[in-house]
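Take a look at the structure set out below.
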Amino acid sequence: MMTKVIEVKDVWKAYDTLEVLKGISFDVFEGEVKVVFGPSGSGKSTLLRVINMLTPPDKGEVLLRGQSLMDPQADLTKLRAHIGFVFQNFNLFAHLKAIDNVSIGPHLVLGKTKEEAHDIAFKALEKVRMNDWGHHYPAQLSGGQQQRIGIARSLAMNPDVILFDEPTSALDPELIGEVLQVMLDIAKEGTTMIVVTHELGFARAVADEMIFMDHGVIVETGTPQHFFQNPKSERAIDFLHKLEVLYGQAETDIES
Amino acid sequence: MRPTSPNQLIGMLQINRIVEYLPDLWNGLSMTMGLYLFALFLGLGLGIVLAIGRHYGGPIVSRISTAYIEFMRGTPLLAQILAITTLPLALNLDTSWRIILQDIFGTPRITVDITILLCAITLGLNSGAYQAEYFRGSMASISGGQTLAAKSIGMTKRQEIRHIALPQSLRRAIPAWSNEAVYLPKYTTVAYFVGVPDLFSAAKLAAGRTFQSLTVYSLVAVIFLVLITAISWILSRIYNRVKIPGI
Amino acid sequence: MQEAIGLLDILLLIMIRGLSTTLALTLISLLFGFLIGTGLALMRVYGPIELQWVSIGYEKIFRGIPLLVLLFIFGAALLGLFTWAGSLTNAVFVAAVFALALRSAAYQSELFRGSIMSIDPGQMMAAQSVGMNQYQATWHIILPQALRLSLPGWTNEYAVVIKDSSLASAIGVAELIYQAQAFTLDYPALFLGIILVIAIIYFAFTYPVTKYVGESMTTKLRELGLGGGK
């Protein structure tokens, strides 16, 4: 009964001689929240881009509901519409109002009428608590608000999975909470998510599995309890300690 | 080669003789505006196509667009107009086609003939190369992140260019593009060299016949100053209307 | 065969006679345009309000009038002013320099002013913090940087002036296009070929300059931490 949404099979990626991903494999099941963390340069962001083929891998395979994204026959553009992506720098379309940023995908890609797309967008904005801000341009919104629009833009496509690439690391500290809260909400609604983040409080609250990456390989995986109580590998212990020093205790004060 | 004599100075003040040439000047101004608008919009279409070709085209399309742009920008407009308007003669083509219409004073005038048409087209071909560079600059300034975002929600390349890149880059290009819109009326005077009866040609004729060249040329200078100020004003109004915060 | 040789001979003549005039006209106009333009830019940035208005008015007027009109104002209406040049040939050349230089000055002024304005205000503060007065800071810190920043723009202005110098043929300056037209009367069939070759000559004198000199300057300036930072 547990369906695999994403299968990552032995993925390799190098930029020139620099090996960024060295044989990564894992599965993501329906409704699961995976948190990927690790030091900078460990290949986390590249991994996310490989999953929706913004960066095609050199070797290995990525499957979406059993269908390979590497298949030359596959319509990559269509398949991508099933994989949401939330960017570190939001990347909102600067010339479109918030609501149009969200409705353009359903309208253009899913072929909904303007009215249908508008309704879908409005519901997505409600989910991220931005329904009062639909008629503002990105430049008129705070970073936290922009990121919530970015999340709504993904939600509106009703994707099979949403990938989050360090969604809070470009935000001022006081704006992080509102974005994490939205992410918690949609996680609890059963959205399948792969989240690259160092927000351990978020991980503790909703992660089904945490993946610790370093130097292009998966070093250790486990539940949040596992990582917070007795991580095994030297590198994970070391890194978690550094995070604690930087961000304070893992038990941050997010409502869970 | 004589210094200006007192008689000539008095002559400068007698504008009554110039009045006789006002209909010519008016028709010249209409011709100038016709050349300008034709060339501006031909250049706009061509410029957008060339910019897309240079920025998004494959290696071949991009090279062809680049070569065209660089050659047109690297050679004098005058040489281009002389070359293209000589073409029918060189190819022994019939050049008798013309449209003669009455002007607002009731006198029949040649409104369009082969030379005028070729001249207008050349102005457009030239302007297109300059306009392309303004558009390309603004296309290059759109963040790569938005391209990724468009891809990530499943847009095709064509949809991304049409719905994300163009609406932003065209808006962004307006202030720089206004430069071209303001340069172009001045460069239409090059039509004088091939005998097109534009504002400058009319002025030259009036100057030669009235011996009041300074007055006539100053009048033309003022007309251009007013024209260009008006164009800048209109364009800044348009820009303010379509402007979007953050772009 | 006869014609081909004829064309080559003609081109050689045009080159020898016309090219030197074109280049002289361009370079002299650019030089005077630079001197006047720099003065106008300094007036506009550092001058009292009256001089700023003079500078603004000058820019508006000379950027608004077509070059051809300026050429006929100096080269026909006011040609009497240039009788001191001696011959008619010299007089129209000087008139053309006036038209080109005065117009170029307006554009160069704008270019140089833009460079001055783009210098980080921190430079002025830093200069004053080591004890320079405002004049010293401007002369030794701001202007040298602004001049360097203007270099890519000047290659552009050079290209504009050399191409537009072709319009001076209308008042009888014997530059490239004028020479070509002189031969048209005798050899109408060759005119298209001649014009194309002349276009290529212009291209050879503009494209390498704007492309390589302009680009390498921009890169170098960027390496030095000047200009754009993009």
Side-chain angles (χ1 to χ4, degrees), chain B residues 1-5 8 12 32 70-84 86-87 89-91 140-141 179 182-183 185-193 198-201 203-204 207-208 211-229 232, chain C residues 22 60-74 76-83 85 87-88 91 103 156 159-160 162-167 169-170 176-177 180-181 184 188-211 230:
Chain B
M1 290 301 294
R2 283 171 293 115
T4 317
S5 71
Q8 272 176 303
M12 284 173 198
T32 294
E70 298 297 356
F71 187 77
M72 293 305 270
R73 285 160 48 97
T75 54
L77 173 63
L78 176 55
Q80 293 163 13
I81 285 193
L82 289 175
I84 292 183
T86 343
L87 270 179
L89 261 177
L91 300 172
S141 73
N179 280 326
V182 170
Y183 288 149
K186 293 176 274 173
Y187 280 104
T188 60
T189 56
V190 175
Y192 151 80
F193 283 84
D198 73 329
L199 178 59
F200 182 77
S201 304
K204 175 127 193 300
F211 300 105
Q212 296 174 36
S213 43
L214 189 59
T215 319
V216 176
Y217 292 134
S218 304
L219 176 66
V220 172
V222 170
I223 293 175
F224 271 102
L225 283 171
V226 171
L227 185 66
I228 278 157
T229 310
S232 312
Chain C
T22 290
K60 277 249 179 302
I61 290 170
F62 279 92
R63 290 162 49 105
I65 303 175
L67 178 62
L68 198 56
V69 175
L70 288 177
L71 280 166
F72 274 85
I73 287 178
F74 291 108
L78 298 177
L79 191 59
L81 295 177
F82 306 113
T83 41
S87 65
L88 180 64
R103 188 186 67 140
N156 222 17
V160 170
I162 192 171
K163 283 182 292 173
D164 285 356
S165 72
S166 62
L167 300 189
S169 60
L176 279 168
I177 299 261
Q181 283 184 310
T184 339
L190 295 179
F191 185 63
L192 194 59
I194 295 175
I195 278 294
L196 284 177
V197 174
I198 285 182
I200 291 168
I201 296 172
Y202 276 105
F203 189 72
F205 275 89
T206 54
Y207 182 71
V209 176
T210 48
K211 172 88 179 158
K230 272 166 261 156

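Here is the naming used below: chain letters follow the sequence lines, and residue numbers restart at 1 for every chain. All values below come from the heavy atoms of this structure, side chains included, with hydrogens, waters and symmetry mates left out.
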Is there a donor-acceptor contact under 3.5 Å from the side chain of B:K186 to the main chain of C:R63?
-> yes

Spatial distance of atom CZ (B:R73) from atom OG1 (C:T206) [nearest 0.5 Å] = 9.5 Å

If the plane angle is over 60° it's perpendicular, under 30° parallel, otherwise tilted; pick one for B:Y192 and C:F72.
-> perpendicular

Under 4.5 Å from any heavy atom of chain B - which part of C:A170 | both

Chain B heavy atoms under 4.5 Å from C:F203: which part of the residue, side chain, backbone, both or neither?
-> both

Taking every non-hydrogen atom, the tightest pair across C:S169 and B:L78 = OG-CD2, 4.0 Å

Portion of B:Y183 that has a non-hydrogen atom of chain C nearer than 4.5 angstrom = side chain

Of B:V216, B:L219, B:V220, which is the lone residue that meets side chain to side chain contact (heavy atoms under 4.5 Å, CB included) with C:V69?
-> B:V220

Which region of C:I198, side chain (C-beta onward) or backbone (N, CA, C, O), has a non-hydrogen atom less than 4.5 Å from a non-hydrogen atom of chain B, or is it both or neither?
-> neither

How long is the gap from CD1 on C:I194 to CG on B:L82, to the nearest 0.5 Å?
-> 11.5 Å

Interatomic spacing from OG1 in B:T75 to CG in C:L196 - rounded to 0.5 Å = 9.5 Å

Could you look at C:L68 and say if it's the side chain, the backbone, both or neither that has a heavy atom under 4.5 Å from chain B?
-> both

C:K211 versus chain B, the contacting section by heavy-atom distance below 4.5 Å | neither

Residue C:V160 versus chain B: region with a heavy atom under 4.5 Å = side chain

